[in-house]
Amino acid sequence: MADVTIIGGGIIGLASASALQDRGYSVEIIERGAVGLGASYGNCGLLAPGEVVPISKPGVLSRIPKWLFDPEGPLFVRPQGLARDLTWLLRFLRAGRVDRVRHIASSLAPMMRRVNADYASLLQKIARPDLLSSVENLMLFNHRSEYDRDRFTWDLRTELGFGHTFITGDEVRRLEPAIEGPVTCGVVMTDWFHFPDPYALSMALEADIVRRGGRVLKANAVGFEHRDGQVGKIVFDTGERLDVTQVVLAAGAWSGPLAKKLGLNIPLAHLNGYHVHAPRPNVEVQRAIYYASGGFVLTPMATGLRIGGTIEVAGPDPKPNYRRADVLAERARAILPALDIEGSTRWMGPRPFIPDTMPVIGAAPTFRNVTLAFGHGQIGMTLGATTGQLVAQIVSGEAPDVNLAPYSPVRFG
Ligand SMILES: Cc1cc2nc3c(=O)[nH]c(=O)nc-3n(C[C@H](O)[C@H](O)[C@H](O)COP(=O)(O)OP(=O)(O)OC[C@H]3O[C@@H](n4cnc5c(N)ncnc54)[C@H](O)[C@@H]3O)c2cc1C
């Protein structure tokens with residue numbers, strides 16, 4: 001029997017397993033599909049330490065009605081999503097009040113200040129520093145007014161120690177000569193980098209975990225058996241049971257039903273995103289670029305150019321609407337007219353989202369041998385290595401490096 005059994009083989013489960021091994025624990029990962037193929041596969045690959053301000057924030061509320069009725073807009077709620085997630089959506093909007101946003105941003109900041117250092121150690125350990133690019137991300141705008149409109153966000157980031165440099169359109173084109181079209185200015189995001197191949201990161205972590213004696217078990221966890229306040233077995237859909245000592249629940253967007261089996265009602269929604277991945281894009285950019293005026297991210301990946309984004313509330317595991325991915329590629333041509341998407345692949349995946357944009361990281365209040373680590377929303381790649389460290393500290397009973405109160409599983413009232 002392993003010392004720690006981790007449910008979920010995404011970036012959060014893998015980074016947790018690796019950090020636990022560093023402390024001498026034997027680990028096993030339960031993965032029902034294949035390691036690294038959940039949200040951790042198709043994301044935009046940004047390591048975005050200053051992304052502390054939630055999506056729901058002052059100024060967004062007035063734009064939402066327009067988005068809700070535009071299936072090609074940056075945020076779309078499918079009718080079935082609206083019915084299922086209405087309470088969640090109302091909580092999400094409530095988190096956009098100025099006082100709440102300030103609280104969320106300053107609660108996320110201590111974790112975010114560590115992410116670069118934690119990834120540096122993790123990548124050093126697996127001897128793959130190449131899995132993180134060292135070129136800072138860029139944000140682009142058609143009009144300076146779009147940058148100014150978000151002054152609240154920029155000031156809050158600066159106040160919390162996350163810097164940026166405003167640059168002119170000429171400077172944008174000096175950095176990225178391929179950028180054409182209506183862009184007139186941009187922002188260099190201090191210390192934001194990108195993973196040129198998020199899947200390769202998962203694969204490298206898995207290989208290292210296995211090399212150090214960890215094992216990966218293909219199985220679908222559906223419940224638990226417990227006694228005297230402890231989980232003793234994980235139950236699989238086949239009816240088989242696995243004896244466990246300690247459990248970490250890191251099943252991304254699918255963690256909700258398992259948390260419920262642990263007696264916890266945690267508001268976790270699937271906010272789907274899409275990407276188009278062009279293997280021979282015919283255009284070259286050096287850094288990950290968030291085109292704010294278009295609402296999507298362009299990331300130069302090891303295997304081509306990825307154009308990703310959009311938020312869709314559609315309930316768990318809906319049929320993909322790839323039109324939303326196609327729209328991203330069409331919009332990208334506004335600034336990269338020569339973009340070639342011949343041979344491209346399209347992908348949809350779920351951001352595991354809690355209404356206040358903060359993950360759940362902490363000991364389960366219901367069972368003393370269970371640790372929760374899910375709900376990382378749009379910042380799960382960014383927080384991976386740091387969450388892994390925190391999980392290992394919780395399991396081993398060490399004082400955590402950051403105050404975990406804001407991430408508590410009992411904060412929902
Ligand atoms: C379009 C898009 C763009 C994004 N861009 C960024 C970005 O640029 N930067 C950033 O920081 N974040 C980004 N994110 C968010 C990030 O990808 C996620 O927050 C992160 O990958 C979540 O990792 P995870 O390990 O929690 O979940 P996942 O990677 O989804 O892994 C969960 C795993 O658990 C397994 N599992 C689920 N249920 C069970 C079960 N019952 N039994 C066994 N196994 C189970 C699944 O099969 C899956 O492999 C983006 C997300 C999307 C969708």
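Only this structure's heavy atoms are used, side chains among them; waters, hydrogens and symmetry mates stay out. Residue numbers start at 1 and run along the sequence shown. Indexing begins at 1, ligand by ligand and atom by atom, following the structure's order.
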**OP:** For ligand 1, indicate whether the residue L37 contacts it via side chain, backbone, both or neither (heavy-atom separation under 4.0 Å).
**Re:** neither
Looking only at N/O atoms, are [X] and ligand 1 under 3.5 Å apart anywhere?
X    : answer
L383 : no
Q378 : yes
P352 : no
A221 : yes
C44  : yes
G8   : no
R32  : yes
M381 : yes

Using a 4.0 Å cut-off to any heavy atom of [X], which atoms of ligand 1 qualify?
X    : value
G349 : 53 (C)
A219 : 42 (N), 43 (C)
I12  : 23 (O), 24 (P), 25 (O), 26 (O)
I379 : 10 (C), 11 (O), 12 (N)
N220 : 40 (C), 41 (N), 42 (N)
I30  : 43 (C), 44 (N)
L258 : 41 (N)
I11  : 23 (O), 25 (O)

Winner among [options] once heavy atoms are compared against [atom]:
atom                    : options               : value
atom 2 (C) of ligand 1  : N43, T382, L249       : N43
atom 9 (N) of ligand 1  : I6, L46, D237         : L46
atom 17 (O) of ligand 1 : A15, G308, A39, G38   : A39
atom 35 (C) of ligand 1 : R351, K261, K218, E31 : E31
atom 23 (O) of ligand 1 : G380, S40, G10        : S40

Can [X] be said to touch ligand 1, with heavy atoms closer than 4.0 Å?
X    : value
G377 : yes
P257 : no
G45  : yes

**OP:** Given salt bridge (charged side-chain N to carboxylate O under 4.0 Å, His left out), test E330 with R323 step by step and report yes or no.
**Re:** CA-CA 10 Å; E330 284 162 22; R323 175 70 199 135; 2.9 Å; yes
**OP:** May I have the step-by-step check of side-chain contact (heavy atoms from CB on, under 4.5 Å) for M189 and E136, ending in yes or no?
**Re:** CA-CA 6 Å; M189 307 300 294; E136 284 174 331; 5.9 Å; no
**OP:** Drop me the distance from L383's CG to I12's CD1, to the nearest 0.5 angstrom.
**Re:** 6.5 Å
Original post:
Of the protein's non-hydrogen atoms, which lies at the shortest distance from atom 27 (O) of ligand 1, and what is that distance?
Top reply: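 Protein heavy atom with the smallest distance to atom 27 (O) of ligand 1: G252 CA, 3.5 Å.
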**OP:** Please report the C-alpha distance between L262 and F224 in whole Å, then the side-chain angles of each, then the deciding distance to 0.1 Å, and finally whether the side-chain contact (heavy atoms from CB on, under 4.5 Å) criterion is met.
**Re:** CA-CA 8 Å; L262 295 167; F224 305 93; 3.6 Å; yes
**OP:** Assert yes or no for the condition that the ring centre distance of F195 to Y119 is strictly below 6.0 Å.
**Re:** yes
**OP:** Take H275 and Y41 through the side-chain hydrogen bond (donor to acceptor under 3.5 Å, both in side chains) test and state the conclusion after the steps.
**Re:** CA-CA 11 Å; H275 82 220; Y41 175 79; 5.9 Å; no
Subject >> For N369 against V231, the heavy-atom pair lying closest together >> reply: ND2-O, 2.7 Å
**OP:** Before giving the answer on salt bridge (charged side-chain N to carboxylate O under 4.0 Å, His left out), spell out for R411 and D356 the whole-Å C-alpha distance, their side-chain angles and the decisive distance to 0.1 Å.
**Re:** CA-CA 10 Å; R411 68 183 188 266; D356 62 12; 2.7 Å; yes
**OP:** If the plane angle is over 60° it's perpendicular, under 30° parallel, otherwise tilted; pick one for W88 and F353.
**Re:** perpendicular
**OP:** Check step by step if side-chain hydrogen bond (donor to acceptor under 3.5 Å, both in side chains) holds for T153 and D150.
**Re:** CA-CA 5 Å; T153 300; D150 222 4; 3.0 Å; yes
Original post:
Within 45° of the ring axis of W154 and under 6.0 Å from its six-membered ring centre, is that where the NZ or CZ of R157 lies?
Top reply: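 Checked: cation-pi criterion met.
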Original post:
Taking the six-membered ring of W254 as reference, does the NZ or CZ atom of R32 fall below 6.0 Å from its centre and within a 45° cone about the axis?
Top reply: yes
Subject >> Sole candidate of L298, L339, I335 that passes side chain to side chain contact (heavy atoms under 4.5 Å, CB included) when paired with V283 >> reply: L339
Original post:
Going by heavy atoms in the side chains, are W347 and H277 under 4.5 Å from each other?
Top reply: no
Subject >> pair I55-F92: side-chain heavy atoms closer than 4.5 Å >> reply: yes
